[in-house]
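Values below: every heavy atom of this structure, side chains too, minus hydrogens, waters and symmetry copies. Predicted model only: the values in this text are computed from it and were never measured.
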Amino acid sequence: MTFEEYVSSRGPALVRLARLLTGDPHRAEDLTQDVLARAYVHWRRIVRTDRPDVYVRRMLVNANRSWWRRRSNRELVVDGFVERAGRADVGGEAADRDELWRLIRRLPDRQRAVLVLRYYEDLDDATIAQILDCSPGTVRTHALRALTHLRARLGVPTTNGSRL
């Protein structure tokens, strides 16, 4: 597979993944472009791996994590002051999704990455572990902690023995 074929088939999915990781469509496009530029230089080596998509996704997750470490990128994210819509309101579901995304964006990077890769990219724990360079058990731990945090913040009761 050539680099051009890869980008034309997987590019939109990579931008979507970056948007879910960053929460900002403009930064997601910049991040994806930077990662693809770096991947282009090493494409012959990347394409020889068993799963080049896992390799590029890992690059994307790592690039997002590195962006926050740079001193020049210390931005303060402020939630908008939007009144919560009522349940009978047509926009109530959209408001609930917006609230959930604000909570997801506040999660630690690894927990947010696990949720995005699991529920939006529909990847299994082994693949997520490859992308994040950790064990599948660590992936499950991050998912459990993230979901527990989100449930607590949303006031969702949990029952003993509940599964993810």
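In this structure, Ile104 CD1 and Glu99 CD are separated by 11.0 Å, a value rounded to the nearest 0.5 Å. In this structure, the separation between CZ on Arg145 and CZ on Arg140 is 13.5 Å, given to the nearest 0.5 Å. Of the inter-residue distances, the one linking Leu14 atom CG with Met59 atom CE reads 10.5 Å to the nearest 0.5 angstrom. One finds the CG atom of Leu117 at 9.5 Å from the CG atom of Leu20 (value rounded to the nearest 0.5 Å). To the nearest 0.5 Å, atom CD of residue Glu29 and atom CG of residue Leu31 are 11.0 Å apart. The CD1 atom of Ile46 sits 12.5 Å away from the CE atom of Met1 when rounded to the nearest 0.5 Å.
With sequence neighbours excluded, the residues satisfying side chain to side chain donor-acceptor pair (under 3.5 Å) with Glu121 are Arg16, Arg57. Residues meeting the side chain to side chain donor-acceptor pair (under 3.5 Å) test with Asp30, sequence neighbours left out: none.
A side-chain donor-acceptor contact under 3.5 Å links Ser135 and Thr138.
Salt-bridge formation is not detected for the pair Asp124/Arg118: no Lys NZ or Arg NE/NH1/NH2 atom is positioned less than 4.0 Å from an Asp or Glu carboxylate oxygen.
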Does Arg106 form a side chain to side chain contact (heavy atoms under 4.5 Å, CB included) with Arg153? I'd like the steps, not just the answer. CA-CA 11 Å; Arg106 289 185 184 138; Arg153 296 290 300 206; 3.9 Å; yes

Test Arg110 against Leu132 for side chain to side chain contact (heavy atoms under 4.5 Å, CB included), laying out the working first. CA-CA 8 Å; Arg110 297 281 262 189; Leu132 298 179; 3.5 Å; yes

Determine whether Tyr119 and Val114 satisfy the following criterion, side chain to side chain contact (heavy atoms under 4.5 Å, CB included), listing intermediate values before the conclusion. CA-CA 8 Å; Tyr119 295 109; Val114 166; over 6 Å; no

Decide side chain to side chain contact (heavy atoms under 4.5 Å, CB included) for Val61 and Arg112; before the verdict, give the C-alpha distance in whole Å, the side-chain angles of both, and the deciding distance to 0.1 Å. CA-CA 10 Å; Val61 169; Arg112 183 174 56 244; over 6 Å; no

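Shown here for Ala18 and Thr32, the closest heavy-atom pair between the two residues is CB-OG1, 3.4 Å. In this structure, Asn64 and Thr22 approach most closely via the heavy-atom pair OD1-CG2, 3.3 Å.
A tilted orientation is assigned to the rings of Trp43 and Tyr6, their planes being inclined by 30° to 60°. Between Trp101 and Tyr120, the angle of the ring planes lies from 30° to 60°, which puts this pair in the tilted group.
Two residues are said to be in side-chain contact when any heavy atoms from C-beta on lie closer than 4.5 Å; Phe3 and Leu36 meet this criterion.
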